[in-house]
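Notes to accompany the following structure.
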Amino acid sequence: AEMTNLGLPIPAGFTITTEACNAYLGGGNSLPDGLWDQVLEAMKAIEGDKKLGSTENPLLVSVRSGAKFSMPGMMDTVLNLGLNKKTAAALGALTGNPRFAMDSLRRLIQLYAKIVMNVPAELFEDALMDACASADVAEETDLTAEQLEGVADRYREIVRDETGQEFPEDPYEQLRLAITAVFGSWNGRRARDYRRVNSIADDLGTAVNVQVMVFGN
């Protein structure tokens with residue numbers, strides 16, 4: 001936010017405050033009244049030409065924590081949020097790089113399922129290694145777009161088998177559940193242990209930063 005106010009070229013985003021987190025945690029893990037409407041308004045402000053869920057020019061966002069004191073590696077983050085089968089196809093067409101789009105999709109499913117749905121990460125790693133073995137390649141960077149699409153489908157099966165639920169295709173449902181997952185990670189065991197070791201108070205809560213994605217893959 002400070003870099004944005006200085007006029008630096010920072011991807012658009014918004015912050016949900018620690019106050020909202022504490023209200024969520026103190027209210028039986030439900031979003032405080034009016035918060036979701038504010039999130040929807042804030043999304044409109046950062047969308048521009050891109051739209052969350054668009055099948056022509058899809059917007060993807062990251063959802064990250066923002067505690068008052070740095071807690072590296074302790075809090076949860078979800079990347080590539082907004083992807084599903086249709087938006088991934090649109091992203092591939094828009095960039096002329098369907099492999100990049102499918103790689104981003106399989107990364108979302110893996111990270112989202114781990115953070116939001118509590119699916120063990122090793123199940124996805126094993127499935128990815130199986131896909132590499134079947135394709136007779138050394139690592140996932142050698143998989144084609146079609147093969148990565150198959151990995152994403154296998155990831156969906158893992159989610160279904162482990163949770164009895166489908167991976168959410170609705171980008172706004174992804175967003176809402178990711179926000180609550182980051183709020184909830186404030187009370188995760190790793191975070192509590194870290195605060196105890198570093199003498200950080202338990203009642204501060206974490207902010208949630210929603211920001212337009214910058215791709216590292």
Side-chain angles (χ1 to χ4, degrees), residues 1-21 23-24 31-67 75-116 145 148-149 152 155-156 166-183 185 205-217:
E2 291 178 358
M3 288 188 286
T4 297
N5 288 335
L6 288 172
L8 299 175
I10 306 302
F14 61 90
T15 298
I16 304 171
T17 65
T18 55
E19 182 182 8
C21 174
Y24 170 83
L31 292 178
D33 290 344
L35 178 61
W36 182 241
D37 291 334
Q38 292 178 22
V39 169
L40 296 179
E41 286 299 312
M43 283 300 301
K44 291 178 183 178
I46 70 171
E47 281 184 324
D49 293 335
K50 297 180 180 293
K51 304 293 181 185
L52 191 70
S54 169
T55 56
E56 296 180 358
N57 196 3
L59 175 75
L60 306 185
V61 297
S62 62
V63 179
R64 303 175 186 271
S65 64
M75 306 294 288
D76 289 337
T77 295
V78 180
L79 306 177
N80 301 324
L81 193 145
L83 278 176
N84 55 33
K85 288 184 177 182
K86 292 181 178 179
T87 58
L91 183 65
L94 192 66
T95 60
N97 191 342
R99 189 199 176 282
F100 152 72
M102 287 302 152
D103 186 44
S104 298
L105 175 60
R106 69 99 186 162
R107 288 168 184 259
L108 167 65
I109 298 173
Q110 178 173 352
L111 193 57
Y112 185 96
K114 174 190 172 187
I115 299 302
V116 179
L148 286 168
E149 186 174 9
Y155 282 6
R156 288 189 181 89
E166 298 291 334
F167 171 78
E169 293 286 310
D170 181 351
Y172 282 97
E173 182 181 4
Q174 295 175 9
L175 178 61
R176 181 177 61 83
L177 293 176
I179 290 169
T180 60
V182 173
F183 280 161
S185 69
T206 181
V208 177
N209 295 303
V210 179
Q211 191 172 24
V212 174
M213 271 297 298
V214 175
F215 300 98
N217 56 328

If you take all heavy atoms of V212 and P11, which pair is closest and at what distance?
-> O-CB, 3.6 Å

Considering residues, nucleotides and ligands other than E173, do more than 12 of their heavy atoms fall under 6.0 Å from its CD?
-> yes

Determine the minimum heavy-atom distance between G82 and T87, stating which atoms define it.
-> O-OG1, 3.0 Å

Calculate, to the nearest 0.5 Å, the distance between atoms OG1 and CD belonging to T15 and Q211 respectively.
-> 8.5 Å

Just do the salt bridge (Lys or Arg N to Asp or Glu O under 4.0 Å) check on E47 and K44 with the steps written out, would you?
-> CA-CA 5 Å; E47 281 184 324; K44 291 178 183 178; over 6 Å; no

Minimum heavy-atom distance between I46 and A12, given as atom pair plus value = CB-CB, 3.8 Å

Any residue meeting salt bridge (Lys or Arg N to Asp or Glu O under 4.0 Å) with R64, in chain and number order, not counting sequence neighbours | none

Side chain to side chain donor-acceptor pair (under 3.5 Å) partners of E166, counting only residues at least two apart = R160

Heavy atoms of other groups near K114 NZ, more than 12 under 6.0 Å = no

Are any of the side-chain heavy atoms of T77 and I115 separated by less than 4.5 Å?
-> no

Pairwise distance CD(E149) to NZ(K85) - rounded to 0.5 angstrom | 7.5 Å

So, do F14 and V39 sit near enough that their side-chain heavy atoms are less than 4.5 Å apart?
-> yes

Calculate, to the nearest 0.5 Å, the distance between atoms CE and CZ belonging to M102 and R107 respectively.
-> 14.5 Å

Could you tell me how the ring of W36 sits relative to the ring of Y172: parallel (under 30°), tilted (30 to 60°) or perpendicular (over 60°)?
-> perpendicular

May I ask you to test the Y24-I179 pair for a side-chain heavy-atom distance under 4.5 Å?
-> no

Heavy-atom check, side chain of R156 versus side chain of I109, under 4.5 Å | yes

Under a 4.5 Å cut-off applied to non-hydrogen side-chain atoms, are Y112 and N80 in contact?
-> no

For N97, all residues meeting side chain to side chain donor-acceptor pair (under 3.5 Å), sequence neighbours excluded = none

dist I16:CD1 -> T18:OG1 (nearest 0.5 Å) comes out at 11.5 Å

Report yes if some heavy atom in the side chain of D37 is under 4.5 Å from a heavy atom in the side chain of E41; otherwise report no.
-> no

Ignoring hydrogens and angles, tell me if any N or O in the side chain of T206 forms a donor-acceptor pair with the backbone of G66 under 3.5 Å.
-> yes

Do M213 and K50 touch side chain to side chain, with heavy atoms closer than 4.5 Å?
-> no

Any chance you could lay out the side chain to side chain contact (heavy atoms under 4.5 Å, CB included) test for V61 and V78, step after step, and finish with the verdict?
-> CA-CA 9 Å; V61 297; V78 180; over 6 Å; no

Provide the closest heavy-atom pair for A101 versus A88 in the form atom of the first, atom of the second, distance.
-> CB-O, 3.3 Å

Side chain to side chain donor-acceptor pair (under 3.5 Å): which pairs involve residues 174-183, sequence neighbours left out?
-> none

For T17, enumerate each residue passing the side chain to side chain donor-acceptor pair (under 3.5 Å) test, keeping only those at least two apart in sequence or located in another chain.
-> none

Between P171 and L52 the two heavy atoms that sit nearest each other are CB-CG, 3.7 Å

Side chain to side chain donor-acceptor pair (under 3.5 Å) against Y155, all qualifying residues, sequence neighbours excluded | Q110

Rounded to the nearest 0.5 Å, how far apart are OG of S62 and CG of L81?
-> 9.0 Å

Report, as yes or no, whether the 6.0 Å neighbourhood of atom CD on E56 holds more than 12 heavy atoms from other residues, nucleotides or ligands.
-> no

If you take all heavy atoms of A152 and L105, which pair is closest and at what distance?
-> CB-CD2, 4.2 Å

How long is the span from the CG atom in L91 to the OG atom in S54, to the nearest 0.5 Å?
-> 11.0 Å

